[in-house]
Amino acid sequence: MRFISEQSEGELEYQESRPFNISGAREVLEKALTEQFRNLADAVLAALLLKNVPISELTWWQYFLTRAVEVNSYYPDHHTQSFVDFRNALVRDIATRKVKALSFSDLGKVEIRIFGGFVKLWDEGKINKQLARLGSSYRFTFLGSHALTVNRLLELLRPELAQENNDPRFIWGEVDHLTATPFGLRFNYIKELAISPLMDEGGEGFNFDTTVVIRENLIRSRLELSDPEILNDAKKYEVLFDLAKVHVTVHELLHAASFHSKLSRPYREAFWSDDLKRDICRFTQLAREPKELRDAFAYIPVSLVVDELNKYLEQDKQINLAHFFESLLEEMKGRGLIEETPEGKFFSSIYEDGKIWVA
Amino acid sequence: MELADIQAKLKSAHSLMQQHDYAEALSNLELVFDHLKEPEYAEYYESALLFMGVCCYEMGQLDKALSCLDEGLKHARKDGTPNEIATFLHELSMVAYKRGDLSKSLELCQESLGIKIEYSVTKVRHGLLEYYEYDINNVAPVLNHLAVLYQENGDLGKAKELLEIVKTNCEKIYDLHLLGVVLNELGIISFEVGLYSEGVLCFLESVALKARLGFTDGIKITLLNLRSSLHRHPQALRDLRVRYLLENGLLI
């Protein structure tokens, strides 16, 4: 079961055959994935509506935000004409079967096209790795991977136990500059481009395995719902938004640090530096002042949680974020992953066009 | 022999096995084994059979391994938990594989994995949703073995699918040792199905991971597999990405 158009597939094939244009390949992949995840989301929504499952107003609004060209307010205003038009058009498309419903039992058959071929939905690690290698800021979170893989294994080995139900919750969108923390990945969605209509409306942040997910759209919606007047005071709005985000992030990182303490150390040893290097390269696609770079990666919620964790660790096992970051920068300079411009700025040329890309 | 002595010998054998000193572990086990046949020590009998089976397997004494594990399986089927039964089946599958009996190995491994999955799934209810979750730690190594068996049996599609599931699971629980092994297997299969640059990427990721963990022997094995895959598929070198990866390695 596939959700990609012929045109998008053609664009992917074109880039595959000429692997010298990283920015072009990145753009085509992001576009193709946005199309596929939006079509998938609509198919899940169709299944719910055709079964008369009620969709909450806040969920409808979140869904609308993923498609809105311009967002003026995250406050759920269901009388906004663009929202009404969007909802009516989608319901009409579902009623006329232009958008086909996806039975949850078919979720395991869904295949997503990336460079190199099709992958199953549960292989979100492969999708994200490909995006990261191309310097993209888009990431996919799929909460149903356990359910899908266990069902597939049951189909193969204990077919009598395989069940039809699945978990189709997912988020696709743009994340901020920092995905690597000492405790696992952190996907802070600054812009959601497709969501499953079954995403919890109350979950501004959550832990999934060892990934921490933060949903800025939802934090903004909650903030605006709690005080509609806040839209008139931009400064107050941003301060309260930042505070709410720090609160949610620290809360989720503490979960990650405590629930997954056994896991976070191997992660640190094996992947943290690689993920952080990719984040730094992605951030320095534009030349950055040294202070700008250091400020961006000295992220307060991570420092707070590291300081807390260090209290319980022996001296030689404590995490020194600043030292780690500086030694990583030195290593990256030595290996040519980042360069210093004559103006003293940091710049990464690894995504420059003309080089062969492999993803 | 006192209970405390038996417990100490079993503990010491287990620790020796973790240090890969199977001969010393086996001699510790043999010292207590006859006493374990007495009814009051029955609860240790099964563990001793499993440990002895594993030691003999690792030392290449396959007949002796088979006899210990068979006896252990009989015991487990009578009094053991499903997980214990599955563990014996898995070890027996490894022995059958080493003896070259692929179909027997496949049959035992499928039964082991089926039991492990059946008894490690839990039903989760979340709002409108209802789905299964499972204990990945318990399943991943057997799953990897089954994938290798499918591969040997020529069923590359199924083998690749299973290996990708194991890889995803290993990444989620950070089982780095198994991840290094799985990436190596995926490298081999990717070449076999014509996905050359994907194969090289898997091999290089496996090498990078093993280097980070200090598994020098593992690095040699993976590099040998890369070389033999390139030898078997010379057309891979016509792929620009393969050449780029071989010349530059993994950039990050």
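Just so we're on the same page: letters track the sequence lines, and every chain starts at 1.
At a 4.5 Å heavy-atom cutoff, the contact between A/L156 and chain B is made by side-chain atoms alone. Of the two parts of A/F20, only the side chain, counted from C-beta on, holds a non-hydrogen atom closer than 4.5 Å to a non-hydrogen atom of chain B. Using a 4.5 Å cut-off between heavy atoms, B/L240 touches chain A through backbone and side chain atoms alike. Of the atoms belonging to B/L146, it is side-chain heavy atoms, and not backbone ones, that fall under 4.5 Å from chain A. The contact between B/R212 and chain A is made entirely by side chain atoms (from C-beta outward), counting heavy-atom distances below 4.5 Å. Proximity to chain B (any heavy atom under 4.5 Å) is shown, for A/E16, by both the backbone and the side chain. For chain B, no part of A/V119 is nearby; none of its heavy atoms comes within less than 4.5 Å. Proximity to chain B (any heavy atom under 4.5 Å) is shown, for A/K51, by neither the backbone nor the side chain. Looking at B/I165, the atoms closer than 4.5 Å to chain A (heavy atoms on both sides) sit in the backbone and in the side chain alike. Contact annotation for B/E198: only side-chain heavy atoms (C-beta onward) come within less than 4.5 Å of a heavy atom of chain A.
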>> Evaluate B/K167 against B/E164 for salt bridge (charged side-chain N to carboxylate O under 4.0 Å, His left out), listing each step before the verdict.
In response: CA-CA 5 Å; B/K167 181 176 138 257; B/E164 277 163 353; over 6 Å; no
> Should A/D123 and A/K120 be marked as a salt bridge (charged side-chain N to carboxylate O under 4.0 Å, His left out) after you check the CA-CA gap, both sets of side-chain angles, and the distance that decides it?
Replying inline: CA-CA 6 Å; A/D123 210 351; A/K120 297 283 189 186; over 6 Å; no
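Between B/N184 and B/S206, the side chains place no donor N or O within less than 3.5 Å of an acceptor N or O (distance only, hydrogens not considered). A/S23 and A/N21 share a donor-acceptor pair across their side chains, judged by distance under 3.5 Å alone.
For A/F206 and A/H255, the gap between ring centers reaches or exceeds 6.0 Å. For B/F88 and B/H75, the ring centers are positioned 6.0 Å apart or more.
Atom CD of A/Q62 and atom CG of A/L218 lie 4.5 Å apart (nearest 0.5 Å).
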